[in-house]
Novice: 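Take this structure first; my questions come after.
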Amino acid sequence: MLNAVAAAALAMSTIIIPPGGAPGTTPPPEIITIDVVTINGSGCKPGTAAVAVSPDNKAFTVTYSEFMAQVGPEAKPTDFRKNCQLNLRVNVPSGFTYGIASTDYRGFAHLERGATALEKANYYFQGMSETQYKQHNYRGPLSDDWQATDTTDVAAIVYHPCGEKRNFNINTELRVSAGTSDPKKVTSFITMDSTDGSIETTYHFAWKTCPPKP
């Protein structure tokens, strides 16, 4: 077990910074694709989440169409909390590996006075330790778009192990509390979706090249 851990640590430490730029700034020129392997959760039933890679290979986006948590007269008791779990296969060119440098979350919230809401998320590579959840809180009265950004220090970015096949997992949660507002009379909600697809979550890649195979 210790030998395996040491070997993994050595593999990670020997990743090479690509020439021509600082760590993470030089993406591979070849086409990158992402496959949605599985999608689970009360906030994203199959067919309600789409993934796309930016043309410059510097980021990918996840767009949700039915991801909303709410409390109010017409809400079900379980609607106060919604979650989404995505399992993605990121297909990158041989010789490159990636991590996530930062993530931009966007949505819309309508919170009555006294109500609160939160968004929290984490992500990790299959078979590796999960990153800590990062949480953002909102308080009513509020009726507006919201945006939150999570940034990882360069030294703390976790990269996909070179030469291995590990899917990328994303866990996201939305939650609303009526607080001192009256859920029998008023509705409060937070959403990470958009009817026109313009609101999306953006994951910014950090890139490195792998050591040549012996």
Novice: Do you know the tightest heavy-atom contact between Tyr64 and Leu86?
Specialist: OH-CD1, 4.0 Å

Novice: What side-chain donor-acceptor pairs closer than 3.5 Å can you find for residues 39-50, not counting sequence neighbours?
Specialist:
| unit_1 | atom_1 | unit_2 | atom_2 | d |
| --- | --- | --- | --- | --- |
| Ser42 | OG | Asn83 | N | 3.2 |
| Ser42 | OG | Asn83 | OD1 | 3.2 |
| Thr48 | OG1 | Lys45 | N | 3.3 |
| Thr48 | OG1 | Lys45 | O | 2.6 |

Novice: Only distances under 3.5 Å count here; give the side-chain donor-acceptor pairs of residues 150-157 to other protein atoms, sequence neighbours excluded, each with its distance to 0.1 Å.
Specialist:
| unit_1 | atom_1 | unit_2 | atom_2 | d |
| --- | --- | --- | --- | --- |
| Asp150 | OD1 | His136 | NE2 | 2.6 |

Novice: Taking only distance into account, with no hydrogens and no angle test, what donor-acceptor pairs under 3.5 Å do side-chain atoms of residues 177-186 form with protein atoms, sequence neighbours excluded?
Specialist:
| unit_1 | atom_1 | unit_2 | atom_2 | d |
| --- | --- | --- | --- | --- |
| Ser177 | OG | Gly179 | N | 3.4 |
| Ser181 | OG | Ala178 | O | 2.5 |
| Asp182 | OD1 | Lys184 | N | 3.0 |

Novice: Thr149 and side-chain hydrogen bond (donor to acceptor under 3.5 Å, both in side chains): which single residue from Thr202, Thr103, Asp104 fits?
Specialist: Asp104

Novice: Quick one: closest heavy-atom pair of Asp145 and Phe108, and the distance?
Specialist: OD1-CD1, 3.3 Å

Novice: To the closest 0.5 Å, what do you measure between CD (Glu66) and SG (Cys84)?
Specialist: 11.5 Å

Novice: Indicate the atoms forming the closest heavy-atom contact of Gly72 with Thr187, along with that distance.
Specialist: CA-OG1, 3.8 Å

Novice: Any donor-acceptor pair under 3.5 Å linking the side chain of Ser54 with the backbone of Ala59?
Specialist: yes

Novice: Flag yes if more than 12 heavy atoms outside Arg139 fall under 6.0 Å of its CZ atom; otherwise flag no.
Specialist: no

Novice: Go through the steps for Ile32 and Phe96 under the test side chain to side chain contact (heavy atoms under 4.5 Å, CB included), then give the verdict.
Specialist: CA-CA 11 Å; Ile32 296 167; Phe96 283 85; over 6 Å; no

Novice: Checking Trp146 side chain against Met192 main chain: does a donor-acceptor pair fall under 3.5 Å?
Specialist: no

Novice: Measure across Ile190 and Leu174 and return the closest heavy-atom pair with its distance rounded to 0.1 Å.
Specialist: O-CD1, 3.8 Å

Novice: Under a 4.5 Å side-chain heavy-atom rule over Ile, Leu, Val, Met, Phe, Trp and Tyr, are Tyr133 and Ile100 clustered together?
Specialist: no

Novice: Check side-chain hydrogen bond (donor to acceptor under 3.5 Å, both in side chains) between Asn87 and all other residues, then give those that pass, not counting sequence neighbours.
Specialist: Asn167, Asn169

Novice: Nearest 0.5 Å, please: how far is OG in Ser188 from CZ in Arg113?
Specialist: 11.5 Å

Novice: Do Asn137 and Gln135 get their side chains close enough for a donor-acceptor pair, meaning under 3.5 Å?
Specialist: yes

Novice: Search all heavy atoms of Met128 against all heavy atoms of Arg166 and return the closest pair with its distance.
Specialist: CG-NH1, 3.5 Å

Novice: Is a donor on one side and an acceptor on the other found under 3.5 Å between the side chain of Thr97 and the backbone of Lys208?
Specialist: no

Novice: Side chain to side chain contact (heavy atoms under 4.5 Å, CB included) between Arg81 and Glu173: does it pass, once the steps are laid out?
Specialist: CA-CA 7 Å; Arg81 177 187 178 274; Glu173 178 181 333; 3.2 Å; yes

Novice: Can I get a per-line list of side-chain donor-acceptor pairs under 3.5 Å for residues 114-125, giving both atom names and the distance, sequence neighbours left out?
Specialist:
| unit_1 | atom_1 | unit_2 | atom_2 | d |
| --- | --- | --- | --- | --- |
| Asn122 | OD1 | Asn171 | ND2 | 3.3 |
| Asn122 | ND2 | Glu130 | OE1 | 3.0 |
| Asn122 | ND2 | Thr131 | O | 3.1 |

Novice: Under the side chain to side chain contact (heavy atoms under 4.5 Å, CB included) rule, what do Val36 and Leu88 come out as? Steps first, then yes or no, please.
Specialist: CA-CA 5 Å; Val36 180; Leu88 307 178; 3.9 Å; yes

Novice: I'd like to know if Val37 and Phe168 are part of one continuous hydrophobic network [Ile/Leu/Val/Met/Phe/Trp/Tyr, side-chain heavy atoms within less than 4.5 Å].
Specialist: no

Novice: If every non-hydrogen atom of Gln147 is compared with every non-hydrogen atom of Arg106, which pair is closest and at what distance?
Specialist: OE1-NE, 3.6 Å

Novice: State which residues pass side-chain hydrogen bond (donor to acceptor under 3.5 Å, both in side chains) with Gln70; sequence neighbours excluded, sorted by chain then number.
Specialist: none

Novice: Which one of Phe60, Tyr203, Phe205, Tyr159 satisfies the ring-ring contact (aromatic ring centres under 6.0 Å, His included) criterion with Tyr98?
Specialist: Phe205

